[in-house]
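The figures that follow rest on heavy atoms only: side chains count, while hydrogens, waters and symmetry mates do not.
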Amino acid sequence: MSTWHTLDEYVQALRSAGILDSAYIDGVTASTPISCLSYDSREVEGTALFIVKGAHFEPRFLQAAISQGAVAYVAERALDNVLTPAIVVSDIRLAMVVLGQLFYDRVTDDLLTVGITGTKGKSTTAYFMREIMHHWLTAVGKPGPALLSSIKNFDGGEEEESHLTTPEVLDLYRHFARAKAAGIEHVVMEVSSQALKYGRVRDMRFAVAAFTNISEDHISPIEHSDFEDYYTSKLKIFDAAEIGVINADADLAERTLSYARERCHVVTYGSHESDDVSCPPDSIRHTDEGTSFTVRCSSYGQNTWTIAVPGLFNVSNALCAIAICEQLKVPEEYVRSGLLAARVPGRMELFHSSDKNVAVIVDYAHNKLSYEALFDSLAQAYPDWPLLAIFGSTGGKALDRRVDLPTVASRYCAHIYITEEDNYSEPFASIAADIAAHTSVPYTIEEDRGACVRQAIMDWPGRHVVALLGKGVEDTRARGTEYVHTPSDVDYAIRFLAEYDATHGSTPVSG
């Protein structure tokens with residue numbers, strides 16, 4: 001920020017937004033420059049404006065913020081026995097947007113942003129776009145793009161593990177501000193249904209908004225009440241888009257297209273000749289480099305393209321990236337080189353034992369659509385190999401996954417290992433029981449994720465494939481309200497393949 005805004009300016013911004021109920025602030029306090037805006041008392045410093053929000057808020061958090069310099073707080077009701085001035089608003093979520101945009105001087109307007117939503121494919125498409133834009137922008141002497149994803153975040157400094165697909169409002173603006181300070185001009189970001197439903201990306205514009213696909217997910221009392229709520233939340237991305245890029249092969253494509261066309265310019269990608277970017281399904285081939293396929297589009301003509309990321313379903317994600325790049329006028333050479341170089345950490349990473357009898361696939365798959373695509377791909381790649389799956393489900397939310405994941409996995413797997421994922425405050429036994437109730441093949445319940453991986457690799461006789469799902473390269477687990485450091489699934493795969501090879505006289509190799 002070039003200058004600090006006064007507390008009175010924040011009050012006036014809330015009044016202009018129509019959400020200010022009351023603010024009793026004396027003239028001296030009103031003229032105080034605000035140097036910190038936060039809803040986390042641990043981050044408060046200087047002359048701060050503190051935001052009271054969240055189901056886990058406790059009065060002691062506000063007291064801690066005040067002791068560290070908060071001169072006022074914003075809440076939907078004034079708290080009892082607190083002498084610090086209260087700014088009372090009717091909508092705390094919108095208040096965060098209004099306050100955050102003022103504090104960060106509308107930094108979201110300063111960067112060209114590509115937003116990607118959908119049930120499946122967001123991360124892979126985001127990483128495709130990141131690599132393509134890095135090739136392009138660095139070739140013309142500019143920094144590569146910032147990345148906000150469900151895997152990693154990068155805003156010009158060090159990459160950090162992500163705990164939310166789309167960060168909370170103030171965290172989101174902070175990433176944009178850091179990116180701008182680093183000279184970055186472009187952002188590629190995943191946009192979750194929760195971010196759209198609850199306004200985390202409200203008052204932002206997307207140069208391009210992509211919609212990869214839709215199927216049931218995130219249905220729970222604290223997320224989406226039903227599929228219609230989930231789907232219509234996703235559609236909101238087009239309310240803030242200049243261009244919409246839509247998968248014409250996806251479920252509800254016509255409804256999605258109709259909604260988007262009323263709000264922005266629309267292009268399609270898919271398997272139909274009528275799509276703006278199309279790929280004939282019979283053109284898809286496995287090659288030594290990866291997967292090749294034919295693409296037809298106006299800017300890049302009709303040619304063969306190649307991606308190195310495995311999985312036939314990733315052709316659709318590549319088409320999405322190509323369609324986005326065509327709208328951004330990225331030269332073809334950088335789209336091609338970026339797609340070929342792109343790798344997604346923890347996404348379809350393949351490891352083999354040295355005797356080639358054990359294959360371990362690490363992937364973030366965590367919903368019905370991604371499970372169906374992944375297991376179908378594995379069944380084609382490893383015909384007649386027993387398939388073992390290791391997975392859990394998130395505590396307290398996305399309850400539909402506890403039905404969908406074991407139901408899909410049971411159609412393909414010889415054995416399922418039910419283990420910890422991110423339990424939060426729900427007991428593991430409760431999550432595991434729900435999953436087991438919908439598992440129709442032999443299964444093992446073992447909370448220790450490492451023990452499951454070791455057992456699947458070491459104890460199954462003969463050749464077999466282990467699908468290690470849900471966590472990828474994440475090295476934390478959500479337990480209660482804390483994130484506890486643990487080995488990643490990639491770490492487990494490498495460790496226990498090394499143990500396997502030690503008993504079989506070899507060392508592991510990554511495929």
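A donor atom on one side chain and an acceptor atom on the other are not found under 3.5 Å apart for Asp40 and Ser38. In this structure, a donor-acceptor pair under 3.5 Å is present between the side chains of Tyr230 and Thr119. Neither side chain, Thr407 nor Asp404, offers a donor N or O lying under 3.5 Å from an acceptor on the other. His224 and Ser193 share a side-chain donor-acceptor pair at under 3.5 Å.
Ring pair Tyr483/Tyr424 is perpendicular by interplanar angle, where above 60° counts as perpendicular and below 30° as parallel. The aromatic rings of Trp460 and His464 lie tilted to each other, with the angle between the two planes from 30° to 60°.
Aromatic rings from Tyr417 and His415 are positioned such that their centres are separated by under 6.0 Å.
Of the candidates Lys234, Glu190, Lys236, Thr117 forms a side-chain hydrogen bond (donor to acceptor under 3.5 Å, both in side chains) with just one, namely Lys234. Ile322 pairs in a side-chain contact (heavy atoms from CB on, under 4.5 Å) with only one of the listed residues (Val245, Leu339, Asn317), which is Leu339. Asp489 pairs in a salt bridge (Lys or Arg N to Asp or Glu O under 4.0 Å) with only one of the listed residues (Lys471, Arg495, Arg449), which is Arg449. A side-chain contact (heavy atoms from CB on, under 4.5 Å) with Phe176 is found for one member of Asp155, Leu111, Ile184 and no other, namely Leu111.
With a 4.5 Å cut-off on side-chain heavy atoms, Ser316 and Tyr269 count as touching. Looking at heavy atoms from C-beta onward, Leu170 lies out of side-chain contact with Phe103 at the 4.5 angstrom threshold. The side-chain heavy atoms of Val309 and Tyr127, taken from C-beta on, include no pair separated by under 4.5 Å. Considering only heavy atoms from C-beta on, Tyr492 stays 4.5 Å or farther from Ile457 through its side chain. Counting heavy atoms from C-beta on, the side chains of Ile51 and Phe57 never come closer than 4.5 Å.
Listed by chain and number, the residues in a ring-ring contact (aromatic ring centres under 6.0 Å, His included) with Phe428 amount to none (sequence neighbours excluded). In terms of the side chain to side chain contact (heavy atoms under 4.5 Å, CB included) criterion, residue partners of Ala250 (sequence neighbours excluded) are, by chain and number, Asn213, Asn247. Taking Ala48 as the reference, Cys36, Val44, Ala70 meet the side chain to side chain contact (heavy atoms under 4.5 Å, CB included) condition, with sequence neighbours excluded. With sequence neighbours left out, Arg479 forms a salt bridge (charged side-chain N to carboxylate O under 4.0 Å, His left out) with Glu420. Evaluation of the ring-ring contact (aromatic ring centres under 6.0 Å, His included) rule for His175 yields no partner, not counting sequence neighbours. Judged as a ring-ring contact (aromatic ring centres under 6.0 Å, His included), and not counting sequence neighbours, the contacts of Tyr371 are Phe375, Phe391.
Summarising the local packing, CD of Glu43 is surrounded by more than 12 heavy atoms from other residues, nucleotides or ligands at distances under 6.0 Å. Within 6.0 Å of the CD atom in Glu482, the count of heavy atoms belonging to other residues, nucleotides or ligands does not exceed 12. By the 6.0 Å contact criterion, CD on Glu228 is enclosed, its count of non-hydrogen atoms from other residues, nucleotides or ligands being greater than 12. For NZ of Lys152, the number of neighbouring non-hydrogen atoms (other residues, nucleotides, ligands) closer than 6.0 Å is greater than 12. By the neighbour-count criterion of 12 heavy atoms within 6.0 Å, atom CZ of Arg77 is sparsely surrounded, having that number or fewer from other residues, nucleotides or ligands.
Rounding to the nearest 0.5 Å places CD of Gln63 at 9.0 Å from CG of Leu79. Distance check, rounded to the nearest 0.5 Å: CG of Leu99 to CG of Leu37 gives 5.5 Å. The structure places CG of Asp171 at 9.5 Å from CZ of Arg200, a figure rounded to the nearest 0.5 Å. The CG atom of Leu252 sits 10.0 Å away from the OG atom of Ser215 when rounded to the nearest 0.5 Å. Put simply, CZ on Arg336 and CD1 on Ile132 are 11.5 Å apart, with the number rounded to the nearest 0.5 Å.
A salt bridge links Arg130 to Glu159: at least one charged side-chain nitrogen sits closer than 4.0 Å to a carboxylate oxygen. Remark: Glu372 does not engage Lys120 in a salt bridge, criterion side-chain N to carboxylate O under 4.0 Å.
Of the possible polar contacts, one joining the Asp363 side chain to the Met348 backbone as a donor-acceptor pair under 3.5 Å is found.
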_Residues Glu426, Arg402; criterion salt bridge (charged side-chain N to carboxylate O under 4.0 Å, His left out); working and verdict_ = CA-CA 14 Å; Glu426 184 175 359; Arg402 304 181 193 187; 2.6 Å; yes
_For Asp422 and Arg477: C-alpha separation, side-chain torsions, deciding distance, then whether salt bridge (charged side-chain N to carboxylate O under 4.0 Å, His left out) applies._
CA-CA 5 Å; Asp422 288 307; Arg477 301 272 201 311; 5.9 Å; no
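For the pair Arg255 and Tyr231, the NZ or CZ position fails the cation-pi test of under 6.0 Å to the six-membered ring centre and within 45 degrees of the ring normal.
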